[in-house]
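Quick notes on the structure that follows.
Just the heavy atoms: all of them, side chains too, but no hydrogens, waters or symmetry mates, feed the values below. Residue numbers begin at 1 in each chain, while the letters A, B, ... track the order of the sequences. Not measured: the values here are computed from a predicted model.
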Number of protein chains: 2
Amino acid sequence: MVNPLVRKLENFVRLSSEERQALDRVVQNTRRLGPREDVVRDGDQPRHVNLILEGWACRYKQLEDGRRQVISIFLPGDMCDPHVFVLKNMDHSLGTLTSCLIAEVSEPSIREITAESRKIEEAFWWEMLVSAAIQREWTVSLGQRLATERLGHLFCELFMRLDAVGLTNGTSCEFPITQADLGDAMGLSTVHINRTLKELRAAGLIRLRGRQLTIPDFPALCSASLFDPSYLHFERDRSASAIGDS
Amino acid sequence: MVNPLVRKLENFVRLSSEERQALDRVVQNTRRLGPREDVVRDGDQPRHVNLILEGWACRYKQLEDGRRQVISIFLPGDMCDPHVFVLKNMDHSLGTLTSCLIAEVSEPSIREITAESRKIEEAFWWEMLVSAAIQREWTVSLGQRLATERLGHLFCELFMRLDAVGLTNGTSCEFPITQADLGDAMGLSTVHINRTLKELRAAGLIRLRGRQLTIPDFPALCSASLFDPSYLHFERDRSASAIGDS
DNA sequence: CGACGGCTTGAGGGTTCTCAAGCGATGTGG
DNA sequence: CCACATCGCTTGAGAACCCTCAAGCCGTCG
């Protein structure tokens with residue numbers, strides 16, 4: 001199995017084989033979790049960085065009266081908050097959506113690996129800033145986009161992020177998340193998610209059956225959803241000048 | 001005039017007078033902007049970190065069809081993206097809401113000051129993580145909270161953030177932002193913002209006239225808005241152990 | 001004085017919600 | 001092996017929340 005973190009970071013920098021090995025060494029303590037289990041709970045003290053190796057997870061927050069908002073979705077290769085240690089307590093929870101394989105990375109090993117390689121340090125920065133950009137784009141979606149645009153935009157985003165770690169086949173990818181969770185993520189009711197999916201299917205923009213998503217015409221879905229991929233910053237612009245140095 | 005960045009960071013760490021002076025030295029190139037002017041535009045190359053000294057500014061994104069979402073609000077003492085340099089282009093714009101005094105801080109001086117003082121480095125981390133937490137809470141608001149809760153929550157957040165930089169008087173503070181901008185921030189129409197304010201006023205939860213906001217009963221507004229301040233991480237817990245070292 | 005920006009209110013319509021019920025697949029225990 | 005519970009998906013009906021369009025008001029400023 002290829003370390004999905006390596007795969008993801010190489011969308012930004014070209015890594016030497018030593019750097020790749022260093023990143024592999026970080027993945028030591030792993031644990032397997034079932035679907036809809038908590039990884040870290042709101043109020044807990046953060047102990048380590050959680051790196052998703054397999055499966056889908058999420059950040060979420062539950063209000064007192066039970067309303068639940070999924071704040072971000074984590075895919076293989078995603079690190080959940082590389083620097084939470086600075087804060088005393090978690091202000092949200094991390095939970096799995098599907099069954100997951102998660103690596104627990106300690107703070108010292110993060111410090112170590114970034115101290116050893118400037119390129120990895122910069123790549124970690126890139127990963128953090130892109131996560132923040134994704135969070136901002138969710139704000140735009142929730143604030144401005146209609147249900148069809150909102151869902152379409154999410155499909156575009158997740159498809160591109162899955163593609164960046166090699167988890168797509170042509171126009172298809174696994175999509176193992178329930179309509180209820182989609183609703184909690186998009187601020188829509190389950191019922192309305194269902195109707196919106198029906199509409200997107202009727203328009204020929206997506207196919208979604210079982211746990212398989214197909215986007216037959218990606219540009220069409222992009223423009224229907226006002227999706228502009230530039231916020232994902234998948235440009236490997238600096239790599240040319242960075243090749244060779246460590 | 002006290003540097004509001006110093007004031008803000010001291011909510012997290014206790015700074016020595018050298019550290020305070022170092023932070024003051026960062027504030028060299030300042031520029032004054034009128035209301036509703038752009039500071040940095042979507043697509044631009046980031047040149048420096050913008051630090052707000054006076055006035056209110058915001059991050060925003062405009063969709064092709066004109067819809068506009070205010071993604072975050074910046075108050076005095078806020079730094080706009082301390083590490084944007086890693087990314088090639090801005091994926092959003094920064095603009096003023098009111099007339100502003102803004103310091104342009106160069107990348108080298110950020111690196112310098114964090115290299116000199118561990119406490120400042122940690123405080124900058126804290127500021128970044130709190131910004132991210134605020135962004136997450138906006139996601140929760142837009143996704144789950146009703147208009148009254150959403151606005152009430154924003155008032156609570158901004159009041160606490162203003163208090164952290166000494167910009168409140170008892171139960172009141174300046175609130176110099178238009179209902180149209182409030183709408184763009186909360187994903188609501190101007191008309192509905194107006195009606196929601198009316199409702200909050202009728203419930204005795206806020207007074208808002210001119211550019212002055214009063215929250216007569218803060219706990220009441222908190223509970224009406226499901227506001228839990230823990231995500232702002234205004235606990236100076238580590239300062240005791242950190243006093244003395246640099 | 002007239003123009004303008006921001007605030008306020010009314011009326012009608014649209015998007016999304018809640019409640020309710022039914023269907024199909026999966027899994028478990030008697 | 002079948003009965004039954006459970007979970008996720010689907011659909012209908014009516015209501016709630018929020019939107020758009022439109023107009024009027026108030027203060028400021030040139």
Base, sugar-phosphate, or nothing: which does Gly187(A) touch, judged by heavy atoms less than 4.0 Å apart? sugar-phosphate
Between P on dC18(D) and CG on Leu142(A), what's the gap in Å once rounded to a whole number? 14 Å
What is the distance, rounded to the nearest whole Å, between atom CD1 of Ile177(B) and atom C1' of dG5(C)? 16 Å
Fit a plane to each ring of Phe227(B) and Phe218(B), take the angle between them on a 0 to 90° scale, and name the class: parallel (under 30°), tilted (30 to 60°) or perpendicular (over 60°). perpendicular
Would you tell me if any nitrogen or oxygen in the side chain of Arg209(B) comes within less than 4.0 Å of OP1 or OP2 on dG6(C)? no
Please walk me through it: do Phe155(B) and Phe175(B) pass ring pair (Phe, Tyr, Trp, His ring centres under 6.0 Å)? CA-CA 9 Å; Phe155(B) 291 144; Phe175(B) 204 84; 5.2 Å; yes
note: Asp181(A), atom CG; dC7(D), atom P; distance rounded to Å ~ 14 Å
Return the nearest nucleotide to the side chain of His192(A); candidates are dA22(D), dT16(C), dC19(D). dT16(C)
Donor on one side chain, acceptor on other, Gln144(B) and Gln69(A), under 3.5 Å: yes
Determine: side-chain N/O of Asn194(A) to OP1/OP2 of dT10(D), distance under 4.0 Å, yes or no. yes
Considering just the side-chain nitrogens and oxygens of Lys198(B), establish if one lies under 4.0 Å of OP1 or OP2 belonging to dT9(C). yes
Grab the CD-P distance between Glu199(A) and dT10(D) for me, whole Å please. 14 Å
If we check side chain to side chain contact (heavy atoms under 4.5 Å, CB included) with Leu51(B), which of these qualifies: Val27(B), Ile102(B), Leu23(B)? Val27(B)
What I want to check is whether an N or O donor and acceptor connect the side chain of Arg195(A) with the base of dG12(D) at under 3.5 Å. yes
Without decimals, in angstroms, what is the distance between Ile193(B) CD1 and dT9(C) P? 15 Å
With a 3.5 Å cut-off and no angle check, do the side chains of Thr148(B) and Thr196(B) form a donor-acceptor pair? no
Closest of dT16(C), dC17(C), dC18(D) to the Ser189(A) side chain is dC17(C)
Does Arg201(B) reach a base, just sugar-phosphate, or nothing at all? Heavy atoms under 4.0 Å. sugar-phosphate
Whole-Å distance separating the CD atom of Gln212(A) from the C1' atom of dG8(D): 18 Å
Taking atom C1' of dC9(D) as reference, at what distance in whole Å does atom CZ of Phe175(A) sit? 15 Å
Return the nearest nucleotide to the side chain of Leu188(B); candidates are dC18(D), dT8(C), dG6(C). dC18(D)
Please give, in whole Å, the distance from dT26(C) C1' to Arg211(A) CZ? 12 Å
So which nucleotide from dG6(C), dG8(D), dT16(C) ends up closest to the side chain of Leu146(A)? dT16(C)
